[in-house]
Each structure stands twice: as structure tokens, then as C-alpha cells.
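To start, the structure itself, in C-alpha cells.
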There are 2 protein chains.
Amino acid sequence: MLSNTHIAVNSPPPARECQRCLNCAVRNKTLCASISDERLAILSALGRRWRVSAGQVVTWAGDANSHCANVISGALKVSASTADGREQIVGLLFAGDFLGQLFVNEASLTVTALTDTDLCAFPRADFERALASYPRMERLLLERTMASLHEAQERMLSLGRKDARERVADFLLDLARRTGMCGAAGEIRVLIPISRGEMAGFLGLTIETISRQLTRLKSDRVIDFSRGERECVILNSAVLEAIVNPA
Amino acid sequence: MLSNTHIAVNSPPPARECQRCLNCAVRNKTLCASISDERLAILSALGRRWRVSAGQVVTWAGDANSHCANVISGALKVSASTADGREQIVGLLFAGDFLGQLFVNEASLTVTALTDTDLCAFPRADFERALASYPRMERLLLERTMASLHEAQERMLSLGRKDARERVADFLLDLARRTGMCGAAGEIRVLIPISRGEMAGFLGLTIETISRQLTRLKSDRVIDFSRGERECVILNSAVLEAIVNPA
DNA sequence: CTGGGGTTTTGATCTGGATCAAGGCCCGGC
DNA sequence: GCCGGGCCTTGATCCAGATCAAAACCCCAG
């Protein structure tokens, strides 16, 4: 879609920082995909790499909202919580995703690394200014924000109106669509990127309910976990589709 | 915040269309607040007034996504539905709000007028083009979209983790904050803009549960409905706050 | 091989809200 | 005034999923 692998050979040698961005593994999956190599150099100067280890909190709800970032690698959860500690995961972030809220001074969400994670972080104020200078990046961010909103709307339907069986089936099919690998015999192999507890946090259920729904699907021969609890094999996606789309 | 009430006296007489926009009652509450009078004329030519009566559907999920609009007056619900007819209201729209999804070809949400409503509708393609030409409008839309996303995240927490009592208290306090009028004796008067059924659709509950929670709050002397079911008087907002923010 | 912490599964019980079923209330039309 | 149709409330019952409790599993470290 975007031809951004080209590197001009006759321009002045780019700063080391800039080189780093040009070689970035997720260059064309992040918002940076929308800007030219030259402008990337400017943006590059604003960002810094940040390695976060699994379980570490990147942002606490309630803290000053000072930074935003591109996710280089790893996985994070974005969650909202009640004062007494109930947690709802409102989103998951993977390589290429944009992390952070803009235009507000206090973070309302807690972001936690699920795995060791690399970020490319920017001071929020700088990033907002940069947005104004790079219309294509702003447009891309608008498109992504709208897509997130759309996802959030689907999840409201799930959380408000669907039962546990439907939510779990939704989740598995979603994963399969996004990252599923087809196996030899028409089965689909899916790596579940999160624990049962996180699935529960994401789907608005408890750990026990998740487990029971999964074992039910397993005994119904719809899915299987031959190689560990994280490696789900979808044996019969038609059944999952039927659960998701009831008569 | 924006000085947009000025009308140039030495310019050529504006077209009738343009005049209509300059006099628009919600001019500085909509996205149009971000553009100059001259540019408003251009946008004006793209839009047309559209009156929708209560109960009418403006957009069906699944239909071609051909239009978007500013809400001039009235109220609408935006809802997502399952194939078998369960409905979750994902948002409410009032005067000044922007209606519509951008950048997608098929509408995924159904929009229905709750009251008689006036819209200022644009062909989506035209509006998207206009956005690219009016950076300040695009920025304002980005800010609003982010605000909607934030709202959606709060609602996911509600739908996924809060009980009926908390959801109802949340809803009432939200209304009070937005539209509440303080009465003589410190009480807050709130006009509930939707029916019990719509509250249920919004909060992910049933009509009966809404009713029971409200009568419980009433018998606890926290609220009252002296003048009809739509006119709620909050007698003791401290109790509502305590429900919303449990220990 | 053994022990111990974390995760997942399984079992037993409880409960908040859904569902099913009447009424009550209000308003407009006749 | 009386009837009819929306809403809204109230009551009785049921059940999906939460909660409480205990095994089972799964690694690694020692």
C-alpha cells in the first residue's frame, strides 16, 4: 500500500536516530507509515525506545497523561477499573498499535505489559504538535480511532447482551480471523495471546466461567488444546459461527 | 472559545443556503464551529436539511453507509444488534452531535430518532473530502472521536463489571452533571430524555430491573418523581455518589 | 526426583437479574 | 364518561454465572 522501503542514496547521511526509524520493524504498521522518510527523521528525534518487561505498568489511570507511544513488539492490556478494584480490559495492543490518549491531561486507563514489550515513546505535547504538521498521519490516526470506536461498540454489544458461550466463541473466532493458521485437515490453529484470567478481564466474566466454557467446547469437539492451554485448535469453526450468529 | 458570530458586511450577498448555515442554531456546537464563514458556504452547499419524526430509523445496520449528518435538534439512539434481535444502545445523540461512521462502506449500527429530529445531512464521500480540506474540522472530529472512545471505554467497564444499582446511579449522575438544574433546596432536577425501555437498552439491563432500581432509590428517599416518570429529582446525590464509588 | 508457587480445572452453592405474568396509570379518541 | 393502547410497576419464579472451595496440572529450582 505504501512504498516506504526506499532509502535515498544521495541525501546527507541520516542521523543514527533516523536510521533507527527507517529500519524499524513495524515502520509500515504504525502511524509512521503515513509520513515521508524526511519527516520521519524529525519525528524520530522526539521519540525514545522504551523496553518494558512483562507485568510492568506503563501508565496508571489517574496519573498525568504525559506520553504516548507506538508499540514495536510485545503485547499490552488497556484496562479501566472501579475504585474497589474490579477491572475491565477495554483493549489489547500489539506490534504497530498506537498507545495513549490524546488531548486529555489525566490518563483514565491503566496500561500494563502482558509480555516483554518494546515501545517507541513520545512526549504527548510533542506528538500532538507533530500531528498538526503531518496531515496524513492525523488522518491515519483518525481512521484508527474510528476503527477502535467501532470495536468498542461491538464489545458493548457483547458485554451488555451476549452470554458467556457467545462471548467466548466471539473471542476465538476473532483471534482466528486475525492470527489463525490453517492446518493440514482444515482445522485452524490459534495462539491465545493471554491467560484465562486476562480473557475473563476482557470478556467481562470470571476465570472459572472462561474455563468451563472452554472445556465445554472441548468436550463438544469444537476446539482442542493438544499442545498446552495457549494453543487452541479450532476443529469445527461452523459450530463457533453458529454460536456467534444464533437463529 | 471560537468567534464565529461575525458576518462580513462587505462580501457578496451569501446564497440562501449559506445564510441558513450562518444562522444555524447549533452552528457553534457542531463540527462547523471549526470553520470560517466563507468555507461554511462551501460546506453548506453539500448539506441538506432532513426532518425525521420520532421512531423513524435514519440508518439501518447493514445498509450502504452513504450519509453522515450534524444533529440540529432532537435526540437519537445509536444501537448495535445481534442477529436474533437483542439490542444494545451504544450511544445517544443530541443537538450539535455528529452522526455517522466514516471510512467504511457498510453501516454497522442502526440510528433511530427518539424524538422528532432535524438533521443537516451530507453525502459521506463529500464530507470526507471536505474534512481533508479543513484541517481544523478534521482535528475537531478527531478530538470528538477520541472523546466518544473514552465514553465507550467507561461504558465497557459499566457493562462488564458493574451491577444494576451502580449502572443506574452512574446514569443519573451523568445526566445530572450534563443537564441537571439545581432547585431551591439543594436538590437537583433532571429531565430523563429517554423511556425506561431505552434506559434498559442503554445500560444492558431489562425494563423491569430499571424500574425496580428506580423505585428502590425512590423508597430510599434518594430520588423522587413528583412530576411524572421523566422528571427525576435527585434528593440526595451523596448517596448516588457513594453507590458509584463504592469503598 | 522432589517441592512449591502459579495457573487451570472442577465441584458445590448462592444470588442478581432475567423471565413470565398481572395489574396500574395516563392520555387521547370517541 | 368510557374504552383501548402505550408505558410503567410489582410480584413470583428461574437460571446463568458469580462465589467459595479444592484438586489437578505444570513448570522450574534445588
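Predicted model, so just to flag it, every value in this text is computed and none were measured. Lettering of chains follows the sequences in order, A, B, ..., and the numbering in each one begins at 1.
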Using the 3.5 Å cut-off, write out each protein N or O paired with an N or O of nucleotides 4-6 of chain C and the distance between them.
none

Inset, instruction - Using a 4.0 Å heavy-atom cut-off, write out nucleotides 8-19 of chain C from 5' to 3' as B (base contacted by protein), S (sugar-phosphate only) or - (no contact). - result: SBBBB----SSB
Inset, instruction - Using a 4.5 Å cut-off on heavy atoms from C-beta on, say whether the side chain of A/Asp170 contacts that of A/Ser158. - result: yes
Inset, instruction - Rounded off to whole Å, could you give me the CE-to-C1' distance for the B/Met199 and D/dC8 pair? - result: 12 Å
Inset, instruction - Compute both the distance and the angle, then confirm whether A/Arg155 meets the cation-pi test with A/Phe202: under 6.0 Å from the six-membered ring centre, within 45 degrees of the axis. - result: yes
Legend entry - Neighbour count >12 (heavy atoms, 6.0 Å) for atom CZ, B/Arg230: yes
Legend entry - Atom pair OG1/CG of A/Thr145 and B/Leu141 - distance to nearest 0.5 Å: 9.5 Å
Legend entry - Side chain proximity check, B/Leu172 to B/Leu214, heavy atoms < 4.5 angstrom: yes
Legend entry - Approximate separation, where rounding is to 0.5 Å, of A/Arg167 CZ and A/Lys162 NZ: 9.5 Å
Legend entry - Atom pair CG (A/Leu31) and CZ (A/Phe122), whose distance is rounded to the nearest 0.5 Å: 8.5 Å
Inset, instruction - In whole angstrom, give the distance that lies between atom CZ of A/Arg227 and atom C1' of D/dC26. - result: 18 Å
Inset, instruction - Could you tell me whether the side chain of A/Pro123 reaches within less than 4.5 Å of the side chain of A/His67, counting heavy atoms only? - result: yes
